[in-house]
Structures are given as C-alpha cells and as structure tokens.
2 protein chains.
Amino acid sequence: MPRARLTPLSVTEAGAALIDEIGFANLSMGLLAERLGVKTPALYKHVTSQADLAHRIAVRAMAEFADAIRDAIQGRAGSDALAAGAQAMRTYVREHPGQYAAADAASRPTGPDDPIIPAVERVVASWAAMLRGYHLDSSQEIHALRMLRSVLHGFSTLEAAGGFQIDAPVDDSFTWMVNFLDRGLRDIPTGSAPVS
Amino acid sequence: MPRARLTPLSVTEAGAALIDEIGFANLSMGLLAERLGVKTPALYKHVTSQADLAHRIAVRAMAEFADAIRDAIQGRAGSDALAAGAQAMRTYVREHPGQYAAADAASRPTGPDDPIIPAVERVVASWAAMLRGYHLDSSQEIHALRMLRSVLHGFSTLEAAGGFQIDAPVDDSFTWMVNFLDRGLRDIPTGSAPVS
DNA sequence: CCTGTAAGTTAATGGCGTTAACCAGCTGTG
DNA sequence: CACAGCTGGTTAACGCCATTAACTTACAGG
C-alpha cells in the first residue's frame, strides 16, 4: 500500500479547505482523514489533536487574512483605503467562513509565543495605517480601531451566517455603511471624546 | 426516590443558566442533568434533543433580549434612545454570553412557525423605532438598521470573547463609538446613498 | 542489501448524544 | 381508601467521535 506523504502543512491546508465547506463546528478528524484518503489515527502523526489542527488552521487563516487586508490598503489612502480594506475583509469572510471562524475563535493567544500573535498584529497594523489617513487625535485612534473592527466583524459574520434576511441588497447596505464611516471619520471633533 | 418535577420550561431555564456559565460550545446533556440532580436520559422526557434544548434556550434568550432593548429605549428619543439601547444590548451580552450565542446561532428560523421569529421581529422593531427619531430617508432605514446591528453585535461579541486586548478602557471606546454613530445619524445626506 | 525510523494500519478506551426497556411515584377515579 | 394507568424517572445498550496503544511496513541512508 502506497503512502499518503502527509505533512503538518498539507494536513492543515486540507483542513482549511474542508472547514470552509462544512463549517467550523462540523470539522471532524474522521472527515478530514477521509478527504485525505487515510484512516483517522494517521492524522495524529502530523497534528497532536483536533484543537491543534484548529489552531494551525486559525494561524494560517489569520496570516492570509492579514495579507488580504494589507494588499487591499496598499497604495491607497483615506476613503479609498477604507473602502478597499473593508471590501477585502468582507470578501475574505465570505469566501472563507470556516477559516475566519477558526481564526476568530483562536484570536486570544494561548501563550506568549503563539504564532497567531504576529498575524493578529499585522491585521491591526494595517487597520491602524489606514486610519492614519484620517489624521485622528492619537487618543481616539484606539476607539476608532475598535469601532472599525466591531462593525466589519459584525457585518461580515452576520452576512456569512445569512443573518440579513430582509429583501434589500446587502451590497448596498455595505457601501452605505462604509460611506457612513468615512464621513464620520473625516469629521471627528478634536480633543478627547465627550462622555455622555 | 422523590421525583425531580421537571418541565420543558424548567429544563430550558436551567440550561440557560448553565450555558452562561460554561459557554455555548460546552453545553452538554450530562452537565445539565447533573445540575438538575437527574440522570441524562431523563431530560429527553422534556426536550427532544440537544438541538431542541439549544433552540428553546435561544428563543427564551431572544425574547428576554427583545424586552431589554424595548425597556431601554422606552420613553427616550434620538441620542438618548440610541445610547440606552446600545448599552442595554452590551449589558445583555456581557451578562448572558452563552444565551446570546445561542440566540445568535438560532436566529435563522427553521420554519415559518418557529417561535424565534416574533422575538427577532420585536428586536428589529425596537431598533427601527429608535432610528425613527433620526428622521432618516425611508430608503436608508434598512441600511442604518443593518449597520447598527453589525456594529453592536460585533462590539458586544468581541468584548464578551475578550477580544479587546489593548490596555484602553473598553467603556470609553463604547461611548466614543455610540457618539460617533449618533453624530453620523444626525447628519445624513438625503436622497439615496451614493454608491462608490 | 539491509536496517531503522517514521508513517501508516488495526484494535481498544472513554465520553458523548440518543434510544429502548423497564419501573415507580403521582393522580384521578370507583 | 384502593388501585389502575400515565408520566417521569431509572438502568442498559448503541453508535459516533477523539484519542491512544500496539503493530507493521514503506522508504531513506549507510
């Protein structure tokens, strides 16, 4: 019987493809083994557990996600950078819902040398670079960053989950929302935010 | 041996309490049975499956969530209503992370008579009533609603998951974000949204 | 060639959700 | 007050899944 020649990397990649098809919650060792033409226990020669597999998928996904955001923002500024970055995020989540869910679930690092940390930092750095085009007060940057992350994460995951039921084009809502954010960011009162 | 006198309702309520303690993904029939002082199969006399239990928890949670939003908005208008509603949502998710996750997972109805439908509709109606205070163009209401839902859902779930790592007060970011939204909503260009 | 190791295999364990078969406590009737 | 039946519990058993152990065999280096 010929060998399958698996590696941690090839197992992770196959897992990443599978998780997008069946959903994060439905990932199972048996399904992945079948997909790779191998019996379930063989996977444990390359991956220590299902949690380890999920984490490897998450790291890989976060890195690809960071690349996508960086590439979209690259060479643009201000409104253009915001629109391109937001669209890149939405596209990534739509095309890789399982991997995004895995990355999201693993985004709290398990330790100080968790390889997801640099990947997360690259994402944050891209959003921060994009926001720099709006010349915000430094005390407000973190708030704007958190808002941006919240709104894009919320929209993308709700869309991927089929959460927008009403019959109105989701594309239009997304464009409207990005324009709303752009307008608000271009017209921020200076000084620290007034607390109600 | 005395009987436990369980009902579908009491099982659902115990499940709701448990899911907030251990998290949506960790809910198990065995754990809930133990919590109720009963053997696992006893639960199946009141609930047809774990999926059924999760769905009942979700319906209950969505209804309580709808109440919380309605009560917060009640008697307020404009900025006050937005701030109160947003805070109510954030508080609900923080206090009931498991139930919110269950409600979120079940928010796509399984059929036309799924009891989650009216609960979801009440939530939407509250947000729509709140937005009415901003006198938006009717063509833009749905977009504003989706944005609001996205941003509050995103912020709340990220916060509940411990996603805001940087050392800056999350309360301040939330207030800043709500103010940002309020400013933007009070100053919306009329006519249909410009599409880039 | 041939030997050792690493990548597969089959077999076994334990935890879960679920179902079947059984039994006992409450309830409503004579 | 008895007792019959339903209803809400029990124990036992099944199948699926993650994981581990014990084994075997393909292949790489000497």
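Letters go in sequence order (proteins before strands), and every chain restarts at 1.
Within residues 47-56 of chain A, the residues that have a heavy atom under 4.0 Å from DNA chain D are, in order of number, A:Ser49, A:Gln50. Within residues 29-46 of chain A, the residues that have a heavy atom under 4.0 Å from DNA chain D are, in order of number, A:Met29, A:Gly30, A:Thr40, A:Pro41, A:Tyr44.
Relative to the ring axis of A:Phe155, B:Arg146 does not place its NZ or CZ within 45° and under 6.0 Å from the centre.
Proximity of A:Arg5 to the phosphate of C:dA6: no side-chain N or O atom is located under 4.0 Å from OP1 or OP2.
A:Ile188 places none of its side-chain heavy atoms less than 4.5 Å from the side chain of A:Tyr134.
Between the side chain of B:Arg60 and the backbone N or O of B:Leu9, no donor-acceptor pair lies under 3.5 Å. Within the 3.5 Å criterion, the main-chain N or O of B:Pro189 finds a donor-acceptor partner in the side chain of B:Gln140.
Counting atom types as modelled, B:Arg3 pairs a side-chain N or O with a base atom of C:dG25 as donor and acceptor under 3.5 Å.
Taking the six-membered ring where tryptophan is involved, the planes of A:Tyr100 and A:His153 are tilted, since the angle between them lies from 30° to 60°. Between A:Phe180 and A:Trp176, the angle of the ring planes stays under 30°, which puts this pair in the parallel group of the 30/60° scheme.
Listed by chain and number, the hydrophobic cluster partners of A:Leu36 are A:Leu6, A:Val11, A:Leu18, A:Ile19, A:Ile22, A:Phe24, A:Leu27, A:Met29, A:Leu31, A:Leu32, A:Val38, A:Leu43, A:Tyr44, A:Val47, A:Leu53, A:Ile57, where partners are ILVMFWY side chains within reach of under 4.5 Å, directly or through others.
How far CD1 of A:Ile69 is from CD of A:Gln74: 12.5 Å, rounded to the nearest 0.5 Å.
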